Amino acid sequence: MNAADLKIMNSMPVIFWAKNEDGVYIFGNDTINEFGGGVVGKTDHELPWADTADELVAHDKKVLAAGKPGYMHEFVHKSSKGEATLNVCKWPGELDGVRCTFGISFIIED
């Protein structure tokens with residue numbers, strides 16, 4: 001798969017991304033870029049939710065190590081939406097020849 005294949009995700013009302021094994025975002029749809037202020041080329045530690053980055057990265061590593069999808073809730077303290085709880089699915093894959101973690105999430109609203 002390559003990044004051009006993911007363009008359809010820009011029209012989806014969900015947060016969708018791919019991060020390489022080092023945790024650097026290599027793709028982010030329009031929704032996550034609105035949520036985080038532009039994510040490609042950055043790690044979670046460089047984004048508004050840096051204070052929760054360790055937990056997010058731990059989930060990514062767990063999914064990569066297991067080699068199968070993981071389902072979880074993640075909480076971010078800071079974003080363009082303020083605090084948010086996310087319902088998340090992450091799975092291992094490959095994008096443009098790079099092993100990565102894909103993720104898709106919804107904001108859980110009261």
Side-chain angles (χ1 to χ4, degrees):
M1 179 182 330
N2 62 53
D5 296 332
L6 300 178
K7 295 248 184 222
I8 186 69
M9 296 307 293
N10 283 324
S11 66
M12 303 285 187
V14 296
I15 299 167
F16 181 82
W17 70 93
K19 296 183 219 175
N20 68 19
E21 290 181 284
D22 295 325
V24 176
Y25 285 86
I26 56 176
F27 180 86
N29 73 345
D30 290 348
T31 305
I32 193 170
N33 283 307
E34 179 183 307
F35 195 67
V39 299
V40 174
K42 298 177 183 174
T43 68
D44 289 309
H45 289 93
E46 299 170 290
L47 292 164
W49 50 84
D51 59 335
T52 56
D54 290 343
E55 181 181 359
L56 305 177
V57 171
H59 290 162
D60 295 343
K61 289 180 179 182
K62 182 177 179 181
V63 166
L64 280 175
K68 62 182 183 179
Y71 304 90
M72 64 221 55
H73 291 302
E74 293 181 335
F75 184 76
V76 292
H77 296 271
K78 299 174 187 168
S79 71
S80 65
K81 307 288 186 190
E83 293 184 347
T85 300
L86 307 172
N87 193 9
V88 183
C89 174
K90 294 182 179 186
W91 66 96
E94 188 175 293
L95 182 62
D96 293 330
V98 175
R99 186 168 182 249
C100 62
T101 303
F102 288 98
I104 190 165
S105 61
F106 304 76
I107 298 171
I108 299 172
E109 297 180 357
D110 294 330

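The first residue in the sequence is number 1, and the count goes up from there. Only a predicted model underlies this, so the values are computations on that prediction, with no experimental measurement involved.
Using the six-membered ring where Trp is involved, Phe16 and Phe27 have ring planes that are perpendicular, over 60° apart on the 30 and 60° scheme.
Within the 4.5 Å cutoff, no side-chain heavy atoms of Asp96 are placed close to those of Ile26. For the pair Glu46/Val39, no side-chain contact is recorded, criterion being any heavy-atom separation below 4.5 Å from C-beta on. In this structure the side chain of Lys62 never reaches within 4.5 angstrom of the side chain of Lys90, judged on heavy atoms. Considering only heavy atoms from C-beta on, Ile107 comes within 4.5 Å of Ile15 through its side chain. Lys19 is listed as a side-chain neighbour of Asp44, based on a closest heavy-atom distance under 4.5 Å. With contacts defined as side-chain heavy-atom distances shorter than 4.5 Å, the pair Glu74/Thr52 does not qualify. Between Leu95 and Val98, every side-chain heavy-atom pair lies at or beyond the 4.5 Å cut-off.
In terms of heavy-atom proximity, Asn29 sits nearest to Ile32 at OD1-N, 3.1 Å. Residue Gly93 comes nearest to Phe102 through the heavy atom pair CA-CE1, 3.7 Å, listed as atom of the first residue, atom of the second, then distance. Of all the heavy atoms in Ser105 and Trp17, the pair that sits closest is OG-CZ3, 3.6 Å. Between Val24 and Thr43, the closest heavy-atom pair is CG2-CG2, 3.8 Å.
Rounded to the nearest 0.5 angstrom, Leu47 CG and Lys42 NZ are separated by 6.0 Å. Atom CG of Asp22 and atom CG of Asp60 lie 11.5 Å apart (nearest 0.5 Å). Between the SG atom in Cys100 and the CD atom in Glu21 there is a gap of 9.0 Å [rounded to 0.5 Å].
Looking at residues two or more places apart in sequence or on another chain, you find no side-chain hydrogen bond (donor to acceptor under 3.5 Å, both in side chains) involving Glu55.
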Practice item. Would you check, one step at a time, whether the test side chain to side chain donor-acceptor pair (under 3.5 Å) holds for Tyr71 with Asn87? Key: CA-CA 8 Å; Tyr71 304 90; Asn87 193 9; over 6 Å; no
**Study point:** Pair Asp54-His45, side-chain contact (heavy atoms from CB on, under 4.5 Å): steps then yes or no
**Key:** CA-CA 8 Å; Asp54 290 343; His45 289 93; 2.7 Å; yes
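Within 6.0 Å of the CZ atom in Phe75, the count of heavy atoms belonging to other residues, nucleotides or ligands exceeds 12.
Taken together through direct or relayed side-chain contacts under 4.5 Å among Ile, Leu, Val, Met, Phe, Trp and Tyr, Leu64 and Val57 form parts of separate hydrophobic clusters.
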